[in-house]
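Report on the structure given below.
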Amino acid sequence: MDIRICYLYPEMMNIYGDRGNVTALVRRCRWRGIPVDVEGLGLSEKVKPDRYDIFFMGGGQDREQVLVCHDLLENKGDAIRREIERGAAALVICGGYQLFGKYYRPFDGEKLPGINVFDAYTVAGENRMIGNVVAKSALGGRFGTVVGFENHSGKTYLGKESAPLGMVTVGSGNNGEDRTEGAVHLGAVGTYLHGSLLPKNPGLADFLIERGLARRGERSSLKPLDDTLEWRAHREAVARARKTH
Amino acid sequence: MGTKGRSALLIGKALGSASRILRFGGGSTLPGRVARKIDPAFVRSMVDGLPLGCVLITGTNGKTTTTTLLASILEGAGITPVHNRTGANLMAGLASALIRDSDLAGTLTGRIGLFEVDEAALPDAVADTSPRLVLINNLFRDQLDRYGELDTLASRMKEAISTLERDATVALNADDPLVASVGRGLDQAVVYYGIDTDSCSSRLMQHAADSKHCSECGSPLSYEYHLFGHLGRYSCTKCGLARPEAQVAATELGVMGLEGTRCTISHPGGSISLFIPLPGLYNVYNVLAAFAVGTALEIDVEIIGHAVEKFTAAFGRVEKVRVGDRDLLMILAKNPAGMGEVLRTLAGERVWKNILLALNDNIADGRDVSWIWDVDLEMLSGQLREVVCSGIRAWDMALRVKYAELGQGSLVTEPDLERALDIGLEAVEPGDTLFVIPTYTAMLELRKILTERGLVTPFWEG
């Protein structure tokens with residue numbers, strides 16, 4: 001059974017090394033002998049039903065984000081939401097995360113509607129939240145933590161239908177107020193952490209791969225990999241995060 | 001100069017000599033910081049004493065190299081510049097250079113101000129120095145945690161530049177769509193420079209490309225060819241905006257690996273062929289930038305060409321050091337575009353390589369190290385004997401290398417730079433070279449280690 005990854009707007013939504021997440025998914029599948037394909041999907045292209053097991057989208061600059069917002073609503077949003085309800089996994093970061101919520105409200109101008117995968121909304125904030133982040137998370141794997149770097153001014157608030165990805169112990173997270181970071185709905189994960197996130201959070205990477213396989217009807221657990229280097233990088237990044245705050 | 005300005009200067013001078021004697025480092029920012037505290041108009045009153053005015057050089061990559069090259073061009077033309085040669089490029093750095101290059105009465109030893117300026121500090125520098133010329137070399141993602149987005153940065157720069165005197169000149173890289181857009185609709189004279197040949201181009205854009213959309217209408221840009229990052233010959237698919245004609249242009253290029261590049265440069269007065277003794281296309285742009293400024297200042301082209309041919313890189317940018325029977329080549333790489341270009345140059349040398357990647361995340365490097373995932377390390381696949389990852393973020397770098405699957409070479413992770421350097425050198429065969437690619441503060445640290453071993457001279461004596 002092979003896995004097909006849909007990389008949403010690879011040209012426009014890739015601002016902080018986001019593509020490293022796709023690299024991590026691909027390598028971790030191939031190292032286990034699981035065939036994997038990546039397809040980029042740009043403006044005006046449609047999401048074919050039952051074609052993708054994992055969706056990925058990164059962050060972009062403001063101008064790109066507005067273009068993408070319109071295109072998501074017009075061409076892809078309903079289909080992506082339906083695929084996730086049917087078991088597809090997703091990882092969306094920063095701007096991608098915001099657009100997968102209910103809406104984004106800027107300081108001035110119109111509300112940008114999202115595609116409603118997460119029960120979450122975002123409002124423009126005064127201050128940029130920038131720095132290393134550590135959050136306790138059930139999806140974190142061995143140490144129960146995720147670690148990454150955040151850089152956003154939008155403040156995201158979760159509704160009842162979406163659980164947070166974790167609770168921050170270092171950094172700001174969703175809004176700098178309630179300690180939540182990210183959102184999870186079924187197999188979809190939204191987060192402000194880039195860095196790239198998946199290489200040094202192998203637990204989260206494998207969660208997405210497992211979901212992707214399950215979607216293909218493969219329910220056996222994943223072959224373990226030698227993650228010595230990954231976990232070492234994870235622990236060092238956590239230590240560095242504590243030190244730089 | 002008023003009383004305040006005079007005491008600012010004297011205290012600044014005292015701090016400068018104290019820090020040199022006590023070896024805090026070069027005293028390249030502290031004197032200026034204190035002087036500006038005492039007299040906020042310090043820089044303005046000092047540059048009034050420069051008969052030939054000021055030139056400001058900014059952009060993400062190549063500021064120090066371009067400015068250092070211009071300094072030797074100016075020296076060659078008999079014009080001594082006041083120059084922030086240590087690379088301290090915030091306002092405190094400019095002020096420190098003015099303190100250092102003046103006597104106790106505030107009389108400057110140079111006749112023209114030549115300053116490299118941090119991209120975000122450009123508006124302040126323009127307000128305080130009223131420059132006769134401003135050059136923007138390129139705009140890449142670099143420490144977005146500090147600057148915010150590129151589009152915002154570019155519009156802030158344009159706003160500052162539009163306040164220049166009407167007879168001022170603006171020199172812009174025509175091949176960078178965002179930089180070129182700064183020149184549209186300006187009252188001041190604009191000189192564009194760029195590469196007019198596709199002999200070093202590629203059909204594919206690299207991943208570190210940042211400005212892929214038209215600055216006027218937001219539509220995607222189409223490229224006839226790419227040079228590096230988002231630099232190339234572009235036009236808008238919708239509104240017809242195109243890369244402007246370059247008045248200073250490289251019309252022929254012959255890359256000679258790490259040795260340098262042969263090129264022919266056309267300029268308003270004719271054309272000249274020369275050898276650039278620095279590797280990579282990014283250094284071709286630095287030389288074109290220096291040509292654009294030099295010709296705008298009406299310096300003889302032969303003098304410019306001569307200065308280019310005998311140029312050695314600004315400290316740490318590219319530095320070759322002999323260590324016993326081995327060579328060490330250090331090339332600074334502080335952002336994805338810069339590092340990509342360094343690796344591309346290395347990949348062009350078809351030999352087995354030992355490399356040391358040193359990644360720090362201090363404030364001056366940028367706290368965020370995610371940019372290493374935008375660098376196509378994969379292009380070195382199958383060419384590496386040993387990779388040593390070092391610096392504060394050694395383990396992040398090691399993961400990047402692991403996920404790039406570079407082939408047979410071994411991977412060693414050693415965060416301590418001095419130990420990493422020794423590990424790296426030991427693995428090099430006698431007569432061979434260790435390629436060291438550090439971020440900014442890692443470069444400073446490595447240089448300090450090499451200085452202590454007596455292999456290089458401290459930068460403030462350079």
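A, B, ... follow the sequence lines: proteins, then strands. Residue 1 opens every chain. From a predicted model like this one, the values you see are computed outputs, not experimental measurements.
Other residues, nucleotides and ligands contribute over 12 non-hydrogen atoms within 6.0 Å of the CD atom of B/E216. The neighbour count for A/R105 CZ, taken as heavy atoms of other residues, nucleotides or ligands under 6.0 Å away, does not exceed 12. In the displayed structure, B/K158 atom NZ is contacted under 6.0 Å by more than 12 heavy atoms of other residues, nucleotides or ligands. Environment of CD in A/E110: sparse, with no more than 12 heavy atoms of neighbouring residues, nucleotides or ligands closer than 6.0 Å.
In this view, A/F55 and A/Y52 satisfy the ring-ring contact (aromatic ring centres under 6.0 Å, His included) rule, not counting sequence neighbours. When the ring-ring contact (aromatic ring centres under 6.0 Å, His included) test is applied to A/Y104, no partner is found at least two apart in sequence or on another chain.
Close placement of the B/Y403 and A/W31 rings is indicated, their centers lying within 6.0 Å of each other.
Annotation: maximal heavy-atom pairing with chain A below 4.5 Å, among B/L411, B/I392, B/V369, occurs at B/I392. Contacts with chain B were tallied for A/E150, A/R28, A/R240, A/R235; A/R240 has the most, counting heavy-atom pairs under 4.5 Å. Top candidate by heavy-atom pairs under 4.5 Å with chain A, chosen from B/R400, B/E405, B/M397, is B/E405. Counting heavy-atom pairs closer than 4.5 Å to chain B, the top-ranked of the candidates A/S196, A/A237, A/A233 is A/S196.
With a 4.5 Å cut-off on non-hydrogen atoms, A/E230 touches chain B through its backbone and its side chain both. For a residue to count as touching a neighbouring chain, one of its non-hydrogen atoms must lie under 4.5 Å from one of that chain's; by this rule A/L43 does not touch chain B. Within the 4.5 angstrom heavy-atom criterion, no atom of A/N21 approaches chain B. Contacts between B/A394 and chain A at a heavy-atom distance below 4.5 Å are absent for every atom of the residue.
At a threshold of 4.5 Å between non-hydrogen side-chain atoms, the residues B/D396 and A/K200 count as touching. You'll find the side chain of A/F149 reaches within 4.5 Å of the side chain of B/R367, heavy atoms only. Looking only at side-chain heavy atoms (C-beta outward), A/R232 and B/L399 stay at 4.5 Å or farther from each other. Counting heavy atoms from C-beta outward, B/K402 and A/R27 have side chains that stay 4.5 Å or more apart.
The minimum heavy-atom distance between B/W373 and A/G20, with the atom names listed, is CE3-CA, 3.6 Å.
B/T413 contributes atom OG1, which lies 5.5 Å from atom CG of A/L229 (distance to the nearest 0.5 angstrom). The OG atom of B/S370 sits 7.5 Å away from atom CG of A/D18, with the distance rounded to the nearest 0.5 Å.
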_side-chain contact (heavy atoms from CB on, under 4.5 Å) for A/E236 and B/R393? Distances and angles first, verdict last._
CA-CA 8 Å; A/E236 297 287 341; B/R393 288 291 196 162; over 6 Å; no
